[in-house]
Asks: 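My questions all concern the structure below.
All ligand and atom numbering here is 1-based and tracks the order in the structure. As the structure is a prediction and not an experimental result, all values here were calculated from the model.
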Amino acid sequence: MSDNIKGKVIVITGASSGIGEATAKLLASRGAKVVLGARRTDKLEKIAEDIKKAGGEAVYQALDVTVTEENEAIVKLAKDTFGKLDVIFLNAGLMPSSPVSALKTDEWDQMVDVNVKGVLNGVAAVMPTFTAQKSGHVIATSSVAGLKAYLGGGVYCGTKWFVRSFMEVLRMESAMEGTNIRTATIYPAAINTELLTTITDKNTAEAFNALYDQYGISPDRIASVVEFAVSLPEDTTVNEFTVGPANQPW
Ligand code: NDP
């Protein structure tokens, strides 16, 4: 299974914690060359060191996905360092959930900027390369919030629905245009990461913390799904994965 992973160059956004960190470590252990992006470079430095100590290959660079040029710069880092780019995992995101009536409009803007525009910026940064080489794999972290509406998720759910729709159109158009760009969209449920620290609304934070205390599972589970998607032969795409705790009702 790991043959199609070895040697692949993979950019990961939001690689400084949680799902991105777990995925970077797993893919590197399978022989991928990983390029880590996030804002907290102290964390990225430590993760890259851990990967190298374990015998893997990793580089990192400060990346704010809301800044177009920084997305282009990390793609350039991947190509300059490793000579090519095979996969981008668009995983950076935040979830400051709250009731609409709380009018946390700054947080609405942040979610749109990171969860929506961050994905667009990442895709725009890799498309010239993937189109020219007629191959490439775009993997994105949506959420079960991209499949279902729930209280407190008015804006977050909307951003993750966007990812679902956009990725499906990207898949369809790439197939029709013959560019062989594959896509995979992942819909995690409760995964124990730093994500809940982005919630500032007290009642919403309490409700989510209780839910995750009851059901949350390790981000390693999502890393395994990304590993599977990357491992598939180039003529095959699994477009969507819904993954969560076996005992979580929604
Ligand atoms: P974490 O908070 O642990 O990780 C979020 C990552 O996103 C961090 O590496 C953070 O890095 C990065 N990030 C945030 N803002 C930016 C930015 N502007 N530019 C670049 N990177 C940024 O949470 P998760 O691992 O859970 O989150 C990963 C993805 O999974 C998100 O898209 C989230 O919505 C999604 N998800 C998570 C679920 C869960 O239950 N945990 C469920 C469903 C989906 P830094 O702060 O260093 O920039």
Asks: What I want to know is whether G20 and ligand 1 share at least one N or O pair that is separated by under 3.5 angstrom.
Replies: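 In this structure, G20 places no N or O atom under 3.5 Å from an N or O of ligand 1.
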Asks: What heavy-atom pair brings V9 and F82 nearest, and what distance separates the two atoms?
Replies: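 Closest approach of V9 to F82: CG2-CB, 3.5 Å.
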Asks: Who's the nearest protein heavy-atom neighbour of atom 18 (N) of ligand 1, and how far?
Replies: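 Nearest protein contact, heavy atoms only, for atom 18 (N) of ligand 1 is D64 OD1, 3.0 Å.
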Asks: Would you call K46-D42 a salt bridge at under 4.0 Å N-O?
Replies: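 Here K46 does not pair with D42 in a salt bridge, since their nearest N and O are not under 4.0 Å apart.
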Asks: Measuring from atom 21 (N) of ligand 1, which candidate in A189, A92, A190 has the nearest non-hydrogen atom?
Replies: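 Going through A189, A92, A190 one by one, A92 has the nearest heavy atom to atom 21 (N) of ligand 1.
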Asks: Show the numbers, then the answer: is there a side-chain hydrogen bond (donor to acceptor under 3.5 Å, both in side chains) between N4 and E234?
Replies: CA-CA 8 Å; N4 204 33; E234 298 300 315; 3.2 Å; yes
Asks: Among I19, N91, T141, which residue places a heavy atom closest to atom 31 (C) of ligand 1?
Replies: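 It is N91 that holds the nearest heavy atom.
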Asks: Under a 3.5 Å threshold, yes or no: a donor from one side chain and an acceptor from the other, between R40 and S17?
Replies: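 S17 and R40 do have a side-chain donor-acceptor pair below 3.5 Å.
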Asks: Heavy atoms only: give me the nearest R182-T236 pair and the separation to one decimal.
Replies: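 Nearest heavy atoms, R182 then T236: NH1-O, 2.7 Å.
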Asks: How close does the nearest protein non-hydrogen atom get to atom 37 (C) of ligand 1, and which residue and atom is it?
Replies: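 It is L195 CD2, 3.5 Å.
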Asks: How close do G244 and A189 get, counting heavy atoms only, and between which atoms?
Replies: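 Scanning both residues completely, I find the closest heavy atoms to be CA-CB, 3.8 Å.
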Asks: Nearest to atom 44 (C) of ligand 1, what protein heavy atom do you find, and at what distance?
Replies: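 Ranked first by proximity to atom 44 (C) of ligand 1 is S142 O, 3.1 Å.
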Asks: Give me the residue, atom name and distance of the protein heavy atom closest to atom 17 (C) of ligand 1.
Replies: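 Its nearest protein heavy-atom neighbour is R39 NE, 3.6 Å.
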Asks: Return yes or no for this condition: an N or O of S16 is under 3.5 Å from an N or O of ligand 1.
Replies: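 Among all N and O atoms of S16, at least one is under 3.5 Å from an N or O of ligand 1.
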Asks: Does ligand 1 have any atom sitting under 4.0 Å from a heavy atom of E21?
Replies: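 For ligand 1, residue contact (heavy atoms, under 4.0 Å) with E21 is absent.
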Asks: Closest non-hydrogen protein atom to atom 36 (N) of ligand 1, residue and atom name please, with distance?
Replies: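 Result: Y156 OH, 3.7 Å.
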Asks: Would you say ligand 1 has an N or O under 3.5 Å from any N or O of I191?
Replies: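 Indeed, backbone or side chain, I191 has an N or O that close.
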Asks: Mind checking whether V65 has an N or O less than 3.5 Å away from an N or O of ligand 1?
Replies: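 Right, the criterion is met.
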Asks: Check each of G118, G93, S17, G146 against atom 4 (O) of ligand 1 and report the one with the nearest heavy atom.
Replies: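 Residue with the shortest heavy-atom distance to the ligand atom: S17.
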Asks: Say whether, by atom type as modelled, one donor and one acceptor occur between the side chain of D113 and the main chain of T66 under 3.5 angstrom.
Replies: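 Checking the backbone N and O of T66 against the side chain of D113, no donor-acceptor pair under 3.5 Å is found.
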Asks: Give the residue and atom name of whichever protein heavy atom lies nearest to atom 23 (O) of ligand 1, and the separation in Å to one decimal.
Replies: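 Of every protein heavy atom, T193 OG1, 3.2 Å lies nearest to atom 23 (O) of ligand 1.
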Asks: Should E168 and R164 be marked as a salt bridge (charged side-chain N to carboxylate O under 4.0 Å, His left out) after you check the CA-CA gap, both sets of side-chain angles, and the distance that decides it?
Replies: CA-CA 6 Å; E168 175 62 2; R164 179 189 196 198; over 6 Å; no
Asks: Main chain of T183, side chain of T237: is a donor-acceptor contact present, judged purely on distance under 3.5 Å?
Replies: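 Yes, the answer is positive, given that a donor and an acceptor are paired below the 3.5 Å cut-off.
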